[in-house]
Amino acid sequence: MRVLLVGSGGREHALAASLSRSPVLDTLFTAPGNPGTALFGTNVAIAVDDVPGLVAFALGERIDLVVPGPEAPLVAGLADACLVAGIACAGPTAQAAQLEGSKSFSKAICDAAGIPTARWERFDDAALAHAFVRRRGAPIVVKADGLAAGKGVVVAATVAEAEAAITAMMEQSSLGVAGASVVIEEYLEGDEVSLFALCDGETAVLIGAAQDHKRIGEGDTGANTGGMGAVSPPAFFDRATQEHALDLLVRPMLREMVRVGTPFRGVIFAGLMLTPEGPSLIEYNVRFGDPEAQALLPRLRTDLLPALVALCDGKLAQADLRFSDDASVAVVLAGRGYPGTPAVGSPIRGIDRAEAMTGVRVFQAATAYDAAGSLIGHGGRVLTVVATAPTLMAARDAAYAGVAAIDWPDAIWRRDIGVRALQRALDAAEEFGVSA
Ligand code: AMP
Ligand code: GLY
């Protein structure tokens, strides 16, 4: 098969690595890709949201399957354009991608399908939004309705904070049109985890679960980022609970999407809170997470490519998708200064040293080659060092040994990836008298 992968992050490097293990893959292109994806195929200089450019390339190269990484091309209609061109695309139509693109769309689907989620209201009018938070009190959550690149959510501890968010988003257009209307919802407490599944419109097949570490600082402090690390699976979210969450939060969504005439085909990423009352949906994303994919995909034991084809053909019920019971820990190395302006241009050495360690892989994101041919840091999130091992503790040790093998003067990373999950595993072990 001839495959076009779309994206340029660590997620796409991990996808390229998984796809390239398939005996049915002939040729892999990645648009625009990065030095990591170039290890498995050919990078082509087409931007992720250049839908006509991607489709023209796919037609010219007789591509059999397009695999979208990020949400932007999907929201921009990549799957729709592929459909018209007769090319299979393992992602949702623009309408179905509204599950991620519009908070109010996804909340309305949840309500219609009876999916547990925080109670919410949508506002177009700032004065009404202000009055609502004053009436409801804090903590409360204010969300830009549209896509805001991870910056659209304010978890407000006080009414003043919530009102400041409303003022910024609705009155000062801090997020452009994305914040012209807001969703205000009840604050949920619990452990936050992410659930991943492949969906073919009617059938959802579990991939697994992960826990992201979104803040820049250790102990979950400081600014929000794209994600500084992930563990898979979170120790307190076992396979049976994951299946239960899939029944509760994903399968009813698929039925509702069919009912409203926009079946969902693609990767669903359900962000959820494990509350004392059970799992509650925080949001849907219509793609793999980054860095969650880097933690999940190395655990895959079966061929990803036929499963993605089955997703496009509506035949997921017959697909073989199995994952090892190993744990994995993914640590992101970012350029100093991230999530502000990162330091760029300094050389990265030692990836081969890290990858020589048992179970360790290094995925590249914002890397580049300088004029002298040295690999350098070239943006915010630059590398993900991932280790898989039979226990979470061993995976964590191996991941940090991998990080230590990398010599890159501008690197910053969190030293506590997996600590929370490990603590939960140790608590459970104490309770049940088993080893973590
Ligand atoms: P989202 O973009 O919807 O994933 O929101 C970003 C982050 O805000 C989530 O990952 C949660 O940590 C937090 N968050 C969103 N909604 C809620 C909620 N209703 N209660 C508590 N935290 C939330
Ligand atoms: N790591 C969170 C995301 O990919 O949206």
Side-chain angles (χ1 to χ4, degrees), residues 7 9-12 14-15 68-72 74-75 97 99-107 110 115-121 133 136 138-157 161-162 165 169 175 178-179 182-196 209-216 220-221 223-232 249 267-277 279-297 330-332 334 339 363 365 380-381 384 414 417 420:
R11 166 182 53 206
E12 285 73 30
L15 280 166
E71 67 280 12
L74 295 166
V75 172
L99 279 180
E100 175 164 358
S102 162
K103 300 277 185 205
S104 58
F105 178 88
S106 66
K107 296 293 280 192
C110 285
I115 293 168
T117 187
R119 277 171 303 169
W120 65 288
E121 250 174 81
V133 299
R136 281 298 168 91
I140 196 160
V141 183
V142 180
K143 302 185 172 187
D145 195 8
L147 268 187
K151 298 187 178 72
V153 175
V154 174
V155 179
E161 248 180 85
M169 288 181 200
L175 300 171
V182 299
V183 164
I184 301 182
E185 66 178 39
E186 137 194 58
Y187 172 75
L188 298 173
E189 224 160 338
D191 278 306
E192 188 177 351
V193 292
S194 306
L195 186 70
F196 294 85
Q211 188 167 39
D212 193 6
H213 294 61
K214 289 186 186 178
R215 304 295 193 97
I216 189 70
D220 297 321
T221 54
N224 254 322
T225 71
M228 292 302 289
V231 299
S232 172
L249 308 178
V267 177
I268 197 75
F269 161 174
L272 57 110
M273 202 70 95
L274 296 170
T275 75
E277 291 78 43
S280 181
L281 188 91
I282 295 177
E283 62 164 354
Y284 293 117
N285 296 304
V286 300
R287 53 178 173 79
F288 276 109
D290 184 338
E292 291 91 331
Q294 295 93 299
L296 281 163
L297 290 171
V331 181
V332 170
F363 295 119
R381 294 189 295 169
T384 311
R414 276 179 61 167
I417 304 301
R420 185 135 62 105

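Each ligand, and each atom within it, is numbered from 1 in the order the structure gives. Excluded from the calculations below are hydrogen atoms, water molecules and symmetry mates; all remaining heavy atoms, backbone and side chain alike, are included.
Looking at atom 5 (O) of ligand 2, its nearest protein heavy atom turns out to be R287 NH2, 2.9 Å. Protein heavy atom at the shortest distance from atom 2 (C) of ligand 2 is D212 OD2, 3.4 Å.
Between the choices V153, N224, L272, L281, the shortest heavy-atom distance to atom 6 (C) of ligand 1 belongs to V153.
Under 4.0 Å from ligand 2, the heavy atoms of F269 that appear belong solely to its side chain. Residue L188 touches ligand 1 through backbone and side chain together, judged by heavy-atom distances below 4.0 Å.
Residue-ligand proximity: R11 is placed with every non-hydrogen atom at 4.0 Å or more from ligand 2. Not a single heavy atom of E189 sits closer than 4.0 Å to an atom of ligand 1. Close to ligand 2: P291, with a non-hydrogen atom less than 4.0 angstrom away.
Of all atoms in ligand 1, listed by their number and element, those nearer than 4.0 Å to a heavy atom of I282 are 3 (O), 15 (C), 16 (N). Counting the atoms of ligand 1 from 1 in the order shown, those under 4.0 Å from a heavy atom of K143 are 3 (O), 15 (C), 16 (N). The distance from ligand 1 to the heavy atoms of Y187 drops below 4.0 Å at these ligand atoms: 20 (N), 21 (C).
Ligand 2 has no N or O atom lying under 3.5 Å from any N or O atom of G227, backbone or side chain.
A salt bridge is absent between K143 and E283; no separation between the charged side-chain nitrogens and carboxylate oxygens falls under 4.0 Å.
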